[in-house]
Amino acid sequence: MMKLTLPDGSVKEFDSGASAYDLAKSISPRLAKDSIAARVNGELYDLKRPIETDSTVSIITTGTEEGKDVFWHSSTHLMAQAVKRLYPEAKLGIGPTVEGGFYYDIYTDESISIDDLGKIEDEMRKISKSDFQVSRSELSKEEALEFFKKENEDFKVELINDLPENETITAYTQGEFTDLCRGPHVASTGALRHFKLLNVAAAYWRGDEKNQSLQRIYGVSFPKKKQLDEHLFMLEEAKKRDHKKLGKQLKLFSFHAESPAMPFWHPMGMRLLNQLIDYWKEIHFRHGYEEVRSPFILDESLWHRSGHWDNYKENMYFTQFDEREFAVKPMNCPGHCLIFDNEKHSYKELPIKYAELGIVHRHERSGVTNGLFRVRHITQDDAHVYCTPEQIEAEIVKVMDLVEEIYSNFGFNDYNIELSTRPEKSIGSDEIWEKAETALANALNSKGMKFVINEGDGAFYGPKIDFHIKDALGRSWQCGTIQLDFSMPERFDLKYVGQDGSEHTPVMIHRAILGSLERFIGILIEHHGGDFPSWFAPVQVGIIPVSDKYEDFAKEVNDKLVRSGIRVKFDNRSEKVGYKIREGELEKIRYLLVIGENEVNSDVFSIRVRHSKELLKMTAEDFISHIQQEIKNKN
RNA sequence: GUCUACGUAGCUCAGUAGGUAGAGCACAUCCUUGGUAAGGAUGAGGUCAUCGGUUCAAAUCCGAUCGUAGGCUCCA
């Protein structure tokens with residue numbers, strides 16, 4: 001007999017060799033059904049792998065992140081098996097899970113196109129129907145090498161060669177197919193019934209462009225058909241909400257070959273941008289920031305001094321005149337340092353907070369730009385907090401409070417935090433980095449924020465906290481960042497006079513909350529699908545006179561709204577009502593007022609509300625205060 | 001940077017034995033003054049991304065360049 005300890009501390013006895021599945025069954029049939037793998041003494045186990053001795057066991061169910069991972073991992077094996085059947089010469093790279101599904105990198109002689117995915121899915125279905133047992137086997141390194149060499153799996157051989165000598169290597173077999181894998185996996189291929197292959201793309205072996213280019217096939221799968229359908233619906237929805245598409249439809253912005261990856265804002269898009277800017281200025285002023293502005297073009301020597309020359313040159317634009325070399329700023333920090341250094345500061349003034357909606361240019365490599373999400377002309381909602389070392393934590397907490405307030409104003413109440421540490425290319429001593437990283441972690445802990453560590457992903461001058469917001473479709477976007485910097489103040493020889501009368505070097509906190517206005521607007525467009533909340537919408541109300549006869553009266557209503565600060569579109573074209581309503585709907589205007597005989601004769605207006613079947617009946621005064629209330633509440 | 005795909009009117013897209021372009025919407029003019037998602041007629045609009053090659057002939061085949069998309073790598 002052996003004792004299995006459950007997560008709640010209770011203990012159950014089983015014959016040695018019983019599995020986690022036996023345990024799950026003994027607890028409830030429901031749990032047995034939902035279980036997919038287990039953690040035994042911390043190690044991942046297949047559900048039906050025998051447990052030999054007393055252990056601590058927790059069951060992994062399909063609903064959890066770990067469970068999803070197992071399910072997708074098994075699905076990628078299923079896909080690989082199907083590909084190997086259809087393309088016997090295929091060589092397998094790696095097949096991990098990612099956010100939103102799984103992929104497998106595969107080398108094939110003939111290229112696989114998106115049109116081939118259907119037949120791979122068909123083959124997957126066959127394998128699923130065959131319901132092969134998925135069995136685990138342990139191999140020595142030699143055995144594993146011998147096996148995969150025989151199979152001509154060159155990439156697998158390379159992977160095995162890189163494993164330590166004494167490592168126990170595991171492989172999983174289903175039917176005729178065996179793959180190198182740590183596991184765990186579902187018990188049989190019949191468990192994998194609802195899947196969809198989504199895309200093919202190229203990827204380099206081990207992510208290195210010098211290596212062989214492989215075909216990456218992406219897919220997704222779920223235990224239940226309903227879940228798969230919902231997921232596919234979300235993907236469709238995301239396509240519909242594509243901000244590049246909506247940007248064109250709603251006439252917000254455009255891109256032109258004359259200035260690749262730099263947006264041109266059209267009047268309606270400019271309204272969005274200005275709305276965001278007004279909001280941003282107001283809230284920053286309220287939080288003790290002072291706005292500053294620094295030039296776009298600064299002498300090259302400044303960038304040597306700041307460290308950008310050595311660490312950021314590839315991303316910078318340069319220009320030359322009067323026989324001097326200048327650089328177009330990719331960041332605002334050096335400019336702000338010059339402002340700080342322009343006068344002598346007392347410790348009593350600190351923290352000094354310089355904010356700038358800084359327009360910076362970064363030469364992003366071609367191929368990485370993407371609509372508003374990744375541009376070369378970036379409006380950062382930048383600010384630099386100069387403070388004493390003692391103030392660091394409190395100031396970082398204040399920035400996090402502001403982050404919280406701003407995100408919640410936009411309805412982003414769910415966000416993840418990452419702490420990124422020292423990258424390879426960086427400036428400053430180890431001690432300084434250590435100190436900075438600790439300070440950031442302390443601030444996060446003192447605010448009770450959960451975060452994950454992102455090793456080696458910091459800025460070149462300091463570690464950073466990144467904020468990733470979740471949009472309406474559950475997608476995650478990196479926006480805010482807080483970066484702690486001990487180096488740049490030193491490089492610029494910044495000083496403040498302390499209480500002791502001597503000079504000290506301040507600490508600098510770089511921070512952006514929206515990230516870039518361009519990206520943030522892109523996110524908002526997709527988050528709302530173009531249906532902006534009243535406070536943000538370029539057009540809040542559309543007015544549609546039934547015919548020219550009512551134009552004068554409609555104009556009066558229009559003016560009344562405009563005087564109340566409401567953004568109105570007055571559509572007095574001589575078109576039919578239905579036609580103008582259709583256009584207003586396509587423009588996603590939230591409120592449409594049709595004005596004709598009825599309105600002339602009564603105080604009550606019939607207001608068409610977007611996404612609502614019923615007309616709102618209100619007087620002009622009530623309607624104005626209704627909208628004003630919405631604007632105030634930001635909904 | 002790199003892989004794959006794409007680039008035809010303002011927009012969405014047709015257009016493969018290679019024979020100098022077509023639809024709908026939008027736009028202009030006229031008729032229609034219309035009550036909650038498209039009224040009608042007429043018209044204008046394109047060096048088929050750019051450059052070069054093959055050919056009697058190129059939107060169509062080939063190459064290069066530019067741009068865009070989806071990846072990889074990178075990143076706000």
Side-chain angles (χ1 to χ4, degrees), chain A residues 98 103 105 111-115 198-218 239 242 244-245 248-249 251 254-261 312 314-315 330-331 358 360 362-376 378-382 420 423 425 457 459 464 466-468 477-481 483 510-520 522-523 542 544-551 573-587 592-599 606-610 612-615:
Chain A
V98 284
Y103 68 78
D105 283 347
S111 74
I112 296 173
S113 84
I114 196 140
D115 303 322
L198 301 169
N199 203 1
V200 273
Y204 304 102
W205 171 235
R206 299 193 147 181
D208 187 335
E209 23 182 284
K210 291 192 266 311
N211 286 342
Q212 175 98 50
S213 180
L214 307 178
Q215 308 220 49
R216 177 168 297 180
I217 308 178
Y218 286 89
K239 250 186 231 166
D242 184 330
K244 287 160 289 213
K245 214 156 120 184
K248 210 180 257 183
Q249 266 170 35
K251 301 183 181 169
S254 60
F255 285 94
H256 301 271
E258 286 79 357
S259 189
Y312 210 75
E314 318 76 75
N315 286 302
M331 295 188 195
V360 299
R362 298 182 182 175
H363 187 263
E364 303 291 348
R365 300 161 92 198
S366 71
V368 306
T369 59
N370 174 3
L372 292 177
F373 287 157
R374 191 79 181 274
V375 292
R376 288 177 173 153
I378 309 163
T379 314
Q380 283 190 306
D381 70 316
D382 206 0
S420 298
K425 237 183 166 187
D457 210 31
K464 58 176 183 170
D466 286 325
F467 297 84
H468 298 250
W477 306 99
Q478 188 185 332
C479 292
T481 181
Q483 309 172 346
H510 309 239
R511 45 114 287 182
I513 294 178
L514 305 174
S516 87
L517 302 194
E518 289 80 5
R519 170 182 287 182
F520 198 75
I523 295 167
I544 299 173
V546 171
S547 79
D548 327 353
K549 275 187 278 180
Y550 311 101
E551 196 180 322
R573 294 173 304 168
S574 55
E575 295 288 350
K576 294 182 82 165
V577 174
Y579 181 88
K580 292 198 274 192
I581 285 183
R582 178 182 149 81
E583 243 176 45
E585 285 288 339
L586 292 176
E587 287 170 30
L592 293 175
L593 267 64
V594 175
I595 295 180
E597 194 65 32
N598 301 342
E599 284 66 28
S606 297
I607 303 154
R608 192 183 160 98
V609 186
R610 199 164 155 68
S612 157
K613 292 212 167 66
E614 286 177 31
L615 297 178

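In what follows, every chain begins at residue 1, and chains take the letters A, B, ... in the order their sequences are listed.
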I want to check one thing: is the phosphate of [N], taken as OP1 and OP2, less than 4.0 Å away from some side-chain N or O of [X]?
X	N	result
A/Ser574	B/U33	no
A/Lys239	B/G70	no
A/Lys576	B/U36	no
A/Tyr218	B/C72	yes
A/Tyr579	B/A26	yes
A/Lys464	B/A76	yes
A/Arg376	B/A76	no
A/Asn315	B/C74	no

Indicate, with a heavy-atom threshold strictly under 4.0 Å, whether [X] touches base, sugar-phosphate, or nothing.
X	value
A/Val200	nothing
A/Ser606	base
A/Glu585	base
A/Asp548	base
A/Asp457	sugar-phosphate
A/Gly480	nothing
A/Gly367	base
A/Lys248	sugar-phosphate
A/Glu599	base
A/Asn598	base
A/Ala261	sugar-phosphate
A/Glu597	base

Neighbour count >12 (heavy atoms, 6.0 Å) for atom NZ, A/Lys425: yes

Might you work through the side-chain contact (heavy atoms from CB on, under 4.5 Å) test for A/Cys479 and A/Ile523, ending with a clear yes or no? CA-CA 10 Å; A/Cys479 292; A/Ile523 295 167; 3.5 Å; yes

Would you state whether a donor and an acceptor, one from the side chain of [X] and one from the base of [N], lie under 3.5 Å apart?
X	N	answer
A/Glu258	B/G67	no
A/Arg365	B/U73	yes
A/Glu364	B/A76	yes
A/Arg608	B/A37	yes
A/Arg216	B/C3	no

B/A76, B/G34, B/A37: which one has an atom nearest the side-chain heavy atoms of A/Ser547? B/G34

Does the structure show a Watson-Crick or G-U wobble partner for B/U54, both distances under 3.5 Å? Name it, or say none. none

Base-pairing mate for B/U16 - Watson-Crick or G-U, with both contacts under 3.5 Å: none

Rounded distance [0.5 Å steps], NE2 in A/His510 versus CG in A/Asp382: 8.5 Å

Say we look at B/G22 and B/G45: how far apart would their P atoms be, to the nearest angstrom? 13 Å

Separation of A/Glu575 atom CD from B/U32 atom P, in whole Å? 14 Å

Let's go through A/Glu314 and A/Arg365 carefully: what are the C-alpha distance in whole Å and the side-chain angles of both, what is the deciding distance for salt bridge (charged side-chain N to carboxylate O under 4.0 Å, His left out) to 0.1 Å, and is it a yes or a no? CA-CA 9 Å; A/Glu314 318 76 75; A/Arg365 300 161 92 198; over 6 Å; no

Position toward the 5' end of RNA chain B (nearest nucleotide), A/Val375 or A/Leu586: A/Leu586

Residues at least two apart in sequence or cross-chain that pass ring-ring contact (aromatic ring centres under 6.0 Å, His included) with A/His363, listed by chain then number, are A/Tyr317

